[in-house]
Every structure is written in structure tokens, then in C-alpha cells.
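Below you'll find the structure, written out as C-alpha cells, and then a few comments.
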Amino acid sequence: MVSTILGRKLGMTQIWDENDNVVPVTVIQAGPCTVSQVKTKATDGYDAVQIGFGDISAKHVNKPMAGHFKAAGVEPMRYLREVRVENGEEHKTGDVVTVADFADVKSVDVIGTSKGKGFQGTVKRWNFSRGPMTHGSRNQRRPGSIGQCAYPARVRKGLHMYGHMGDARVTVKNLKLVRIDAEQNLMLVKGAVPGGKNALVQIRMA
């Protein structure tokens, strides 16, 4: 069984549970994902399958990838991801992974790319406190001291400083899978997931 499916984040909304409590959910259009390659210990040294998601025009597929899809006997897909499986010999190219496979799953992990924030200072990036705003202070949003004097006489690795913020791979674990709509390929996950609207996300069984 393939424990991962690809999808697009459509946005957030709210629903009511059986106790009339409001539940904030993220709507994800997940799958269907087609298996485009199977790897086994005999051929590749490990067991995995490659799944694809999203339509793409044939003219936008380069020749190496067009040959890859043709050899597998599947239609070209925009996104490809490799997923480890217990036994690769149980799968074959052309198999389809849908949201119906997650019908008995209670919680999922969602992997995506967070929103990019650009170059940010320490106050926004690391929640630093600002300096005094009055009495001639010129240290409102400066990072302050970043090291020691004589030893080690350098800035230590990993120090929280200003720099590029966001646009990184983020995994949010153990989100409750509230509802599944198999007809429209929708998954409703409680809480927020990484990325903006229409961002590619990867949902795996927790």
C-alpha cells in the first residue's frame, strides 16, 4: 500500500463536527496519483514507487521525461515524487492512488514549502525583542551583541541573525483527517498546512 498522496492546497474554511463545534480545516485536492515507476531490492537495492500528479501538456515535457512516461505506459504528469514501500513487487506501473485509500486514516503528516518572506530582520524572523524607543536610543531593531570578545573571537555557527525567511520544506505532523470526499478528490485536514493557495503538498499517513 502506498502511504503518500500528492495534492494542491485549495484554501481554508470551517466545518461543524457532530457536537456542533467549529473546526478550522484546510481543503486539499489530493490525487489521483498514478504510479510511473516501481523500484525493488532486486533492481535498485530498495523498495519504492514513483507517483505523479497534475496534468501537463505533451509539448511541455522534455524528451528524457517523455521517454520515461512512454516506457511506463502512463500519461505525462507535472509532479513526480518517490515514496518508500514495504514490498515493491506488490505494485506495478499504472496503479492509481486516491483519497479513498485514506478512508480509515485518523491523522496525517503534511509536507510542503512554506511561504517565502524574503530578507527579514531578527525581530520578525526570530521574534527578538526591540530596544528602547526613547532617550536617544538608536537600538530599536538591531540584533545586539553577536559574540564574545577574546574567545572564541568569532561568531558561533547557528546564531539567530537576519537573513532569508520562509520558502523552506516544512513538515506538519499528526494533523487530524476530518473528512474525505472521494467523488471530488478532496481531503479536509484540521488546522493549517504549509504553503499558499494552489501550492503542492504531500500527504502521508501518520
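Since the structure is predicted, the reported quantities are computational estimates derived from the model, not experimental observations.
Rounding to the nearest 0.5 angstrom, the gap separating the CZ atom in Arg84 from the OG atom in Ser3 is 11.5 Å. Annotation: the span from Ser36 atom OG to Arg81 atom CZ amounts to 11.5 Å, rounded to 0.5 Å. For the atom pair CE of Met205 and CD1 of Ile5, the computed distance is 8.5 Å after rounding to the nearest 0.5 Å. Put simply, CG on Leu188 and CG on Asp181 are 8.5 Å apart, with the number rounded to the nearest 0.5 Å. Rounding to the nearest 0.5 Å gives a distance of 9.0 Å between CD1 of Ile111 and NZ of Lys173. To the nearest 0.5 Å, the span separating CG on Leu80 from CE on Met77 amounts to 5.5 Å.
In this structure, Val22 and Trp16 have side chains that are in contact, with non-hydrogen atoms separated by less than 4.5 Å. Residues Lys197 and Leu10 form no side-chain contact, since every pair of their non-hydrogen atoms from C-beta on lies 4.5 Å or further apart. Looking at heavy atoms from C-beta onward, Lys106 lies out of side-chain contact with Lys176 at the 4.5 angstrom threshold. Counting heavy atoms from C-beta on, the side chains of Gln29 and Leu186 come closer than 4.5 Å. Looking only at side-chain heavy atoms (C-beta outward), Asp101 and Met1 come within less than 4.5 Å of each other. By the 4.5 Å heavy-atom criterion applied to side chains, Val83 and Ile51 are counted as neighbours.
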Go through it in stages, so that I can follow the logic: the residues are Leu6 and Val201, the test is side chain to side chain contact (heavy atoms under 4.5 Å, CB included), and I'd like the CA-CA distance, side-chain angles, deciding distance and then a yes or no. CA-CA 6 Å; Leu6 304 178; Val201 292; over 6 Å; no
Starting from the C-alpha separation in whole Å, work towards a yes-or-no answer on side chain to side chain contact (heavy atoms under 4.5 Å, CB included) for Thr4 and Gln202. CA-CA 7 Å; Thr4 302; Gln202 191 171 329; 3.4 Å; yes
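With Ser114 contributing its side chain and Asp167 its backbone, the two residues share a donor-acceptor pair below 3.5 Å. Side chain of Arg8 to backbone of Leu200: no donor-acceptor contact under 3.5 angstrom is found. A donor-acceptor contact shorter than 3.5 Å links the side chain of Asp95 to the backbone of Lys92. Although no hydrogens or angles enter the test, the distance criterion places a donor-acceptor pair under 3.5 Å between the side chain of Arg125 and the main chain of Met161. No side-chain donor-acceptor contact under 3.5 Å links Arg156 to the backbone of Pro152.
A side chain to side chain contact (heavy atoms under 4.5 Å, CB included) with Trp126 holds for exactly one of His160, Gln120, Met165; it is His160. For the side chain to side chain contact (heavy atoms under 4.5 Å, CB included) with Val49, the lone residue among Thr40, Val2, Val97 that qualifies is Val2.
Between Tyr79 and Phe53, the ring planes are parallel. Angles under 30° get that label, and only those over 60° would be called perpendicular.
There is a path of hydrophobic side-chain contacts, each under 4.5 Å, that joins Leu177 to Ile203. Under a hydrophobic-cluster definition in which Ile, Leu, Val, Met, Phe, Trp and Tyr are linked whenever side-chain heavy atoms come within less than 4.5 Å, directly or via other members, Val23 and Val189 are assigned to different clusters.
Of all the heavy atoms in Ala30 and Met187, the pair that sits closest is CB-SD, 3.5 Å. Here the closest non-hydrogen pair linking Val99 and Ile180 is O-CD1, 3.5 Å. Contact between Tyr162 and Thr122 at its shortest, heavy atoms only, is N-CG2, 3.6 Å. Closest non-hydrogen pair, Glu86 versus Asp47, comes out as O-OD2, 3.3 Å. When all heavy atoms are compared, the tightest approach of Val193 to Lys9 is O-NZ, 3.1 Å. Scanning both residues, Phe69 and Glu75, for their nearest heavy atoms gives CD2-O, 4.1 Å.
With a 6.0 Å radius and a threshold of 12 heavy atoms from other residues, nucleotides or ligands, Asn87 has its CG atom above the threshold. Within 6.0 Å of the CD atom in Gln140, the count of heavy atoms belonging to other residues, nucleotides or ligands exceeds 12. Counting non-hydrogen atoms of neighbouring residues, nucleotides and ligands closer than 6.0 angstrom, the CD atom of Glu89 reaches no more than 12 such neighbours. In Asn21, the CG atom is crowded: over 12 heavy atoms of neighbouring residues, nucleotides or ligands sit closer than 6.0 Å. Residue Gln148 qualifies as enclosed at atom CD: its count of foreign heavy atoms under 6.0 Å is above 12. The environment of CG in Asn62 is crowded: more than 12 heavy-atom neighbours from other residues, nucleotides or ligands sit within 6.0 Å. Heavy atoms from other residues, nucleotides or ligands lying under 6.0 Å from OH of Tyr151 number 12 at most.
Judged as a side-chain contact (heavy atoms from CB on, under 4.5 Å), and not counting sequence neighbours, the contacts of Gln37 are Lys39, Gln50, His68. Residues satisfying the side-chain contact (heavy atoms from CB on, under 4.5 Å) criterion with Val172, sequence neighbours excluded, are Val170, Leu175, Pro194. Looking at residues two or more places apart in sequence or on another chain, you find no ring pair (Phe, Tyr, Trp, His ring centres under 6.0 Å) involving His164.
Checked for salt-bridge contact, Arg204 and Asp109 meet the test: a charged N lies under 4.0 Å from a carboxylate O.
Counted by atom type alone, Tyr46 and Glu82 present one or more donor-acceptor pairs between their side chains at under 3.5 Å.
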